[in-house]
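First the structure, in the form of structure tokens, and then the observations on it.
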Amino acid sequence: MGSGAHAHRVLLVDDNDDLLDPASYILQRHGFVVATGRGGEDALRQLRGGFRPCVVVLDLRMPGLDGWGVWDRMRADPALATIAVVLMSGDGDNLARARALGIRDFLLKPLNFDALIAAIERHCGQSRQT
């Protein structure tokens, strides 16, 4: 997982339990502290409730509040705006928009767990924690 006492804290957000559950398990097995959000509103509740991940791994397409909506609300909140976001989507056409909006990384679905772990490790230290 990286050196020192730092534990990568991750908020993994998806409305699909078939992705959320195995991804959460794999990340925990790699030593990450993982919280899961089952949709955009759930993710924001956890963030506003005090969970401070170094990275939010955020699905783009979810019912209700989608990934773009979560990202917009995070950027509008100074307490959340500095948290690194890695976006996941089955639609690679969103890559340019994600980069233009400041998303740190973009992972295509079906999700490659090695790529997920590498993205978290790459961006965890880039969040400005207080």
Is there a donor-acceptor pair under 3.5 Å between the side chain of Trp71 and the backbone N or O of Leu101? yes

Write out all pairs satisfying salt bridge (Lys or Arg N to Asp or Glu O under 4.0 Å) with one or both partners inside residues 83-101, taking only residues at least two apart or from two chains. Arg61-Asp91

Tell me, please, which residues at least two apart from Phe113 pass side chain to side chain contact (heavy atoms under 4.5 Å, CB included). Pro22, Ala23, Ile26, Leu111, Leu116

Going by salt bridge (Lys or Arg N to Asp or Glu O under 4.0 Å), name the pairs with one or both residues in residues 109-120, residues two or more places apart or in two chains. Asp14-Lys109, Asp59-Lys109

Looking at Val85, Asn94, Val86, which hits side-chain contact (heavy atoms from CB on, under 4.5 Å) with Phe106? Asn94

Could you work out, with side chain to side chain donor-acceptor pair (under 3.5 Å) as the rule, every residue matching Arg9, not counting sequence neighbours? none

Listed by chain and number, what are the salt bridge (Lys or Arg N to Asp or Glu O under 4.0 Å) partners of Asp66, not counting sequence neighbours? none

In the structure I gave you, are the side-chain heavy atoms of Val34 and His8 within less than 4.5 Å of one another anywhere? no

Kindly write out the residues that satisfy side chain to side chain donor-acceptor pair (under 3.5 Å) with Asp72, not counting sequence neighbours, or none if the list is empty. Arg75

Taking side chain to side chain contact (heavy atoms under 4.5 Å, CB included) as the definition, give me every residue that meets it alongside Ala35, ordered by chain and number, with sequence neighbours left out. Leu11, Gln46, Phe51

Side chain to side chain donor-acceptor pair (under 3.5 Å) partners for Asp17, two or more places apart: Arg38

Those residues at least two apart in sequence (or on a different chain) that pass side chain to side chain donor-acceptor pair (under 3.5 Å) with Asp105 are Arg122, His123

